[in-house]
Amino acid sequence: MAFTLRSVKVPPNSASLEEAKSRVFDFFRQACRSIPTIMDIYNLDDVVTKSELRSSISSQIRKNSHVTNPKVIDLLLFKGMEELNNIVEHAKQRHHIIGQYVLGRQGLAQDLDTKDEGTSDFLKNFYKSNYF
């Protein structure tokens, strides 16, 4: 599977917006077809389902749906192809995939709490005396 993805190249320029959009749909199809391979490589069956990964990919693509310049779409498509190639060729580790595509922007549950900002007088004076 990695060899077939490596041979696919993004052409330098799309002729029109419609051509760029069709390339994005082809990329989405290719990314969805590689989900079972990614699930096997990174052993993600206990963490996420295939449909959740598919929705994560679609949300990443929809994040840039406002772009109408074909050159910018081609650039984003190239970045997406590189990311997919890195994932399929196992250039990333499991925790990278989980942190980026499973947890997403919400982060870990333990990171949502506010940190103790130093309620003691010693720390308050220390923060005031330094150049923060």
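For the numbers below, each heavy atom of this structure counts, side chains included, while hydrogens, waters and symmetry mates do not. The first residue in the sequence is number 1, and the count goes up from there.
- Formation of a donor-acceptor pair under 3.5 Å by the S56 side chain with backbone atoms of Y101 is found in this model.
- With sequence neighbours left out, the side chain to side chain donor-acceptor pair (under 3.5 Å) criterion links E52 to no other residue.
- The heavy-atom pair separating E19 from S14 by the smallest distance is OE1-C, 4.0 Å.
- Hydrophobic clustering places F27 together with V72 (ILVMFWY residues linked when any side-chain heavy atoms are closer than 4.5 Å, directly or through intermediates).
- Using a cutoff of 4.0 Å between basic side-chain nitrogens and carboxylate oxygens, K71 and D74 are not scored as salt-bridged.
- The heavy-atom pair separating M39 from D45 by the smallest distance is CE-OD1, 3.2 Å.
- Residue K21 qualifies as open at atom NZ: its count of foreign heavy atoms under 6.0 Å is 12 or below.
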Q: Could you walk me through whether Q100 and K92 pass the side-chain contact (heavy atoms from CB on, under 4.5 Å) test, one step at a time?
A: CA-CA 11 Å; Q100 202 168 17; K92 292 187 173 229; 3.0 Å; yes
Q) Hey, mind stepping through I97 and V47 against side-chain contact (heavy atoms from CB on, under 4.5 Å) and telling me if it holds? A) CA-CA 11 Å; I97 304 300; V47 180; over 6 Å; no
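- Take D46 and apply the salt bridge (charged side-chain N to carboxylate O under 4.0 Å, His left out) test, not counting sequence neighbours, and it matches R94.
- Across every non-hydrogen atom of L103 and G99, the tightest pair is CB-O, 4.1 Å.
- Transitive grouping of hydrophobic side chains (ILVMFWY, heavy atoms separated by less than 4.5 Å) brings I61 and L17 into a common cluster.
- Contact between N64 and Q60 at its shortest, heavy atoms only, is ND2-O, 4.0 Å.
- Here the shortest heavy-atom pairing between C32 and P36 reads O-CD, 3.9 Å.
- Here the straight-line distance linking atom CD of E89 with atom CG of L84 works out to 9.5 Å at 0.5 Å rounding.
- For the atom pair R54 CZ and K50 NZ, the distance stands at 8.5 Å (nearest 0.5 Å).
- Under a hydrophobic clustering in which Ile, Leu, Val, Met, Phe, Trp and Tyr are joined whenever their side-chain heavy atoms come within less than 4.5 Å, directly or via other members, I98 and V48 fall into the same cluster.
- Residues satisfying the ring pair (Phe, Tyr, Trp, His ring centres under 6.0 Å) test with H90, not counting sequence neighbours, are Y42.
- Going from atom CG of L76 over to atom CD of E83 covers 12.5 Å, rounded to the nearest 0.5 Å.
- I73 is not listed as a side-chain neighbour of R23, based on a closest heavy-atom distance of 4.5 Å or more.
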